[in-house]
Q: 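Structure provided below as structure tokens; questions to follow.
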Amino acid sequence: MRKKVFAANWKMNMSLWETKSFFKRLRDELEDMDEEALIIVCPPAILIPQAISEVQGTAVKIGAQNIHWEDDGAYTGEISAKMVRDSGAKYCICGHSERRQIFEESSETVTHKADRALDNKLIPIVCIGETAFQRDNDETMEIIREQLTATLHGLDEAADIIFAYEPVWAIGTGVSAEPYDAEQAISYMRAVIREHWGDLADSISILYGGSIKSKNAAAFMSCPNIDGVLVGGASLDAKEFAEIIEQGLRA
Ligand code: PGA
């Protein structure tokens, strides 16, 4: 049985003070939660140590939003998987569409990063998804196959890797995919994973991300292939994020 996963991507948001008050609220909201879920919060790198100390004694895990593909070296401004792991974080988002588009990361770069994350015992959350232009040209499945295959080719089988289907046009727009379409895309992803990694495909978690809120979380989480959600904007509010978790667990 795959665990339900709720991952928060804060992007370049939140101060130290806001981080403390977010986790205080989240701890209060989750106090009575008895169902098992994997909850991962990915703050900006500079807030990771504070986030780690805030989640001590809870089941909430912390992740980074990005890493470099080398462990150390002359890469001004970058942080490595080794550093993230040292800080106590356990996860790392790789290949978010904002990294692919704004920072021009190729699927090859994303794969190097995921590989380096795994080498350092960090679990990568690898994001893939099509742009509006590609969707309008009926290229969704082709893009999924292309981005996913690049990563599956470049990695050894990794049972605990997490994938996320994040259609670019749904990110931060308030317009989510239709749950049915997301389920189609994600079951296709599982089929592509099966082609490369065989039955391991059944144990790999695949999330949906793009304008998830407490109002629509259950509709996605009740689809058989959607194991969880990757939440951007709505994860900045601890009460709303907790509500997403609650709705998702009930689905
Ligand atoms: P959103 O972002 O929930 O604000 O659409 C999702 C993401 O970027 O992972």
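Counting starts at 1 for both ligands and their atoms, following the listed order.
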Q: Where does ligand 1 get N/O contacts under 3.5 Å from the protein, atom by atom?
A:
unit_1   : atom_1 : unit_2 : atom_2 : d
ligand 1 : 2 (O)  : K11    : NZ     : 3.4
ligand 1 : 3 (O)  : G232   : N      : 2.8
ligand 1 : 4 (O)  : G233   : N      : 2.8
ligand 1 : 5 (O)  : G172   : N      : 2.6
ligand 1 : 5 (O)  : S211   : N      : 2.8
ligand 1 : 8 (O)  : K11    : NZ     : 2.7
ligand 1 : 8 (O)  : H96    : NE2    : 2.6
ligand 1 : 9 (O)  : H96    : NE2    : 3.3
ligand 1 : 9 (O)  : E166   : OE1    : 3.2
ligand 1 : 9 (O)  : E166   : OE2    : 2.7

Q: Would you confirm whether D181, through its side chain, and A177, through its main-chain N or O, come within 3.5 Å as a donor-acceptor pair?
A: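 Such a contact is absent between D181 side chain and A177 backbone.
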
Q: Which heavy atom of S176 sits nearest to which heavy atom of G210, and what is that distance?
A: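 Heavy atoms of S176 and G210 come nearest at CB-O, 3.4 Å.
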
Q: Ring centres of W10 and F23 under 6.0 Å apart?
A: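 Yes; F23 has its ring centre under 6.0 Å from that of W10.
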
Q: Which of these, D227, D199, D202, sits in a salt bridge (Lys or Arg N to Asp or Glu O under 4.0 Å) with R190?
A: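 Considering D227, D199, D202, a salt bridge (Lys or Arg N to Asp or Glu O under 4.0 Å) with R190 is found only for D227.
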
Q: Take a 6.0 Å sphere around NE2 of H112 and say whether it holds more than 12 heavy atoms from other residues, nucleotides or ligands.
A: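 Result for NE2/H112: open.
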
Q: Could you tell me if the ring centre of W169 sits under 6.0 Å from that of F133?
A: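 They do not qualify: ring centres at least 6.0 Å apart.
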
